[in-house]
Visitor: 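Provided herewith is a single structure, encoded as structure tokens, for subsequent inquiry.
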Amino acid sequence: MGYDPWSAAFVADPYPVFAELRAERPVFFHEPTGQWVISRYEDVDALLRDRRLGRSYLHVGGHEEFGQEPEAEFLKPFWDLIRAGMLDVEPPTHTRLRRLVSKAFTARMVEGLRPTIRRLAAELAGALADEGGGDLLADVAEPLPVNVIAEMLGVPVEDRPLLRPWSADICGMYELNPPEEVQRTAVRAAVEFSDYLRELARSRRSEPRDDLISALAQVVDEGDRLTEDELIGTCVLLLNAGHEATVNATGNGWWTLFRNPGELERLRSDELLVPTAVEELLRYDTPAPMFERWVLEDITVAGVDIPRGAEVALQFASANRDPEVFADPDRLDLGRDPNPHITFGLGIHYCLGAPLARIELAESLAALLRLAPGLRLVSEPEWKPGFVLRGLQALHVQC
């Protein structure tokens, strides 16, 4: 089996292939995806910080110049929404948006959410234990981050069930070469979510509350402020990036623990390990294993020339198992320190929500250890077909 991001076997366990790539083909062109695949930590680390690469190329050239077909007209509402946020834009637009959003999405605000996160995690873990088990993904991993983000944004309780389907449908566009049906579903979700947030944002502008939408609507820096479209794009980004990856991290993490019973028992006997356990679980089975970048100027990686206009596929999951950086990388060590994994990225696109994700993962893990101490696996899970956002379909457990 070689590198094949559409293969169920590869998605289930890409690590033997990554080990082979790091040793023999750390940089190679993958014809089916049209991408240069980069697998070593040193190279991924450097390229994430290299301003000759970008999440987008539209600030320096058009689609034709970069060898791409023009985007279909029906996709315009989707890309208008996504490019109004900071994920798929580059400086100076990215710099401006990140500066403004950071004034509202502060470390103090995130830390202030910890009591709410702890309460929600305890409620969900307690309910799972009371039922004697269930689907850990559907019952704990999914509702926790969506409720936290909804609480943070100020989405009314009765509207929160709308968020998870919108997020999942929008994120379908980030898989490799999504079929048209998936693209059209993403567009519909983008339009519905945008319309909902636009109405909510306008109400918060006129009647601010103690929530992030109100704070984003009011933030001003040197006379500059977010436009309504930018505010909406930012809120969508926070939901999508903060929800999908956190759900996958929780499921992947517990599946890893069940497969490493010695480390699970170590964690159960010492809850002080939770912070380093979170970092190790994020390293060991990365929920977002690959990020793409466009080459804006000719570059050379590990002696291989990659031309302007090419797209690179940075393999975070492979980098996080690189033996040049991590001793015995295929061994789970919940006390691993230091642990310089790159799960949250590096450089100007480093994940803004990383502190929030760490709190959610730690509080969820601690609540399940405390309230469901006998948690055990019922059946081996199956992986969802996507590789860019890699997670389980379900994780059935008993307490």
Side-chain angles (χ1 to χ4, degrees), residues 2-15 17-18 21 29-39 44 47-48 53-56 68 71 75 78-79 81-83 85 87-88 137 141-142 145 164 166-183 185-187 189-190 236-237 239-253 282-294 310-321 341-346 349-351 353-354 357 382-393:
Y3 176 78
D4 182 358
W6 293 292
S7 160
F10 177 80
V11 170
D13 184 13
Y15 298 105
V17 173
F18 285 148
L21 291 180
F29 185 73
H30 185 245
E31 190 73 38
T33 58
Q35 296 173 327
W36 290 87
V37 177
I38 317 289
S39 54
V44 173
L47 292 176
L48 285 171
L53 285 84
R55 282 282 301 180
S56 173
Q68 301 300 304
E71 290 163 359
L75 289 173
F78 176 87
W79 288 117
L81 171 66
I82 298 304
R83 289 170 184 149
L87 180 63
D88 279 11
L137 279 179
E142 291 184 355
R164 168 62 176 160
W166 280 335
S167 176
D169 288 345
I170 289 171
C171 285
M173 274 288 285
Y174 288 103
E175 289 300 333
L176 292 165
N177 302 339
E180 183 173 328
E181 180 183 358
V182 171
Q183 296 181 49
T185 298
V187 171
V236 170
L237 171 60
L239 174 67
N240 293 344
H243 184 236
E244 295 298 321
T246 304
V247 171
N248 290 341
T250 302
N252 297 4
L282 287 168
R283 178 198 75 85
Y284 189 85
D285 213 6
T286 309
M290 185 186 88
F291 272 77
E292 297 142 312
R293 293 287 189 272
W294 292 98
E311 188 178 29
V312 298
L314 305 177
Q315 303 296 326
F316 284 24
S318 177
N320 282 343
R321 296 278 192 107
H341 68 78
I342 56 173
T343 299
F344 292 114
L346 294 166
H349 286 288
Y350 179 81
C351 178
E382 294 184 359
W383 292 90
K384 290 185 286 190
F387 179 68
V388 175
L389 292 168
R390 179 172 170 268
L392 303 171
Q393 294 189 26

Visitor: Any donor-acceptor pair under 3.5 Å linking the side chain of Thr343 with the backbone of Leu282?
Guide: yes
Visitor: Atom CD of residue position Glu382 - does it have more than 12 heavy atoms of other residues, nucleotides or ligands inside 6.0 Å?
Guide: no
Visitor: Would you find a donor on one side and an acceptor on the other, under 3.5 Å apart, between the side chain of Gln393 and the backbone of Trp383?
Guide: yes
Visitor: If you round to the nearest 0.5 Å, how far is SG of Cys351 from CD1 of Ile342?
Guide: 13.5 Å
Visitor: Is Arg164 salt-bridged to Glu244, cutoff N-O under 4.0 Å?
Guide: yes
Visitor: Assess the pair Phe316 and Phe344: is the distance between their ring centroids shorter than 6.0 Å?
Guide: no
Visitor: Do Thr33 and Trp6 touch side chain to side chain, with heavy atoms closer than 4.5 Å?
Guide: yes
Visitor: Testing the basics here: between Arg390 and Ala12, what is the closest heavy-atom pair and its distance to 0.1 Å?
Guide: NH2-O, 3.1 Å
Visitor: Is there a donor-acceptor pair under 3.5 Å between the side chain of Gln183 and the backbone N or O of Pro178?
Guide: yes
Visitor: Between atom CH2 of Trp294 and atom CD of Gln68, what is the distance when rounded to the nearest 0.5 Å?
Guide: 3.5 Å
Visitor: Give a yes or no answer on whether the side chain of His243 reaches the backbone of Glu142 with a donor-acceptor pair at less than 3.5 Å.
Guide: yes
Visitor: Might you point out which heavy atoms bring Asp169 and Ala189 nearest each other, and give the distance in Å?
Guide: CB-CB, 3.6 Å
Visitor: Quick check for you: to the nearest 0.5 Å, what is the distance between His30 atom NE2 and Gln35 atom CD?
Guide: 8.5 Å
Visitor: Between Asn248 and Pro287, what is the shortest heavy-atom contact and its length?
Guide: CB-CB, 3.7 Å
Visitor: Check step by step if side-chain contact (heavy atoms from CB on, under 4.5 Å) holds for Ile82 and Leu87.
Guide: CA-CA 7 Å; Ile82 298 304; Leu87 180 63; 5.5 Å; no
Visitor: Look at the side chain of Asp285 and the backbone N and O of Gly253, then say whether any donor-acceptor pair between them is shorter than 3.5 Å.
Guide: no
Visitor: Run the side-chain contact (heavy atoms from CB on, under 4.5 Å) check on Tyr174 and Glu292 step by step: do they pass?
Guide: CA-CA 10 Å; Tyr174 288 103; Glu292 297 142 312; 5.9 Å; no
Visitor: Within this structure, what is the CD-CZ distance for the pair Gln315 and Arg321, rounded to the nearest 0.5 Å?
Guide: 13.5 Å
Visitor: Any donor-acceptor pair under 3.5 Å linking the side chain of Arg83 with the backbone of Asp88?
Guide: no
Visitor: Quick check: does any side chain N or O of Arg293 sit under 3.5 Å from a backbone N or O of Val312, one acting as donor and the other as acceptor?
Guide: no
Visitor: Any side-chain heavy atom of Leu137 sitting closer than 4.5 Å to one from Val247?
Guide: yes
Visitor: Does any part of the side chain of Phe78, heavy atoms only, come nearer than 4.5 Å to the side chain of Ile170, both counted from C-beta?
Guide: yes
Visitor: Mind listing the closest non-hydrogen atom pair of Met173 and Leu75 along with its distance?
Guide: CE-CD2, 4.0 Å
Visitor: So do the side chains of Ser318 and Leu21 get within less than 4.5 Å of each other, counting heavy atoms only?
Guide: no
Visitor: Could you pull out the closest heavy-atom pair between Val182 and Gly172, with the gap in Å?
Guide: CG1-O, 3.6 Å
Visitor: In Å, rounded to the nearest 0.5 Å, how long is the span from CG of Asn320 to OG1 of Thr286?
Guide: 4.0 Å
Visitor: State the CG-CZ distance between Leu346 and Phe291, to the nearest 0.5 angstrom.
Guide: 11.0 Å
Visitor: For the residue pair Phe387 and Tyr3, does the interplanar ring angle fall in the parallel (under 30°), tilted (30 to 60°) or perpendicular (over 60°) class?
Guide: perpendicular
Visitor: Which pair of heavy atoms, one from Val11 and one from Pro385, lies closest together, and at what distance?
Guide: CG2-O, 3.9 Å
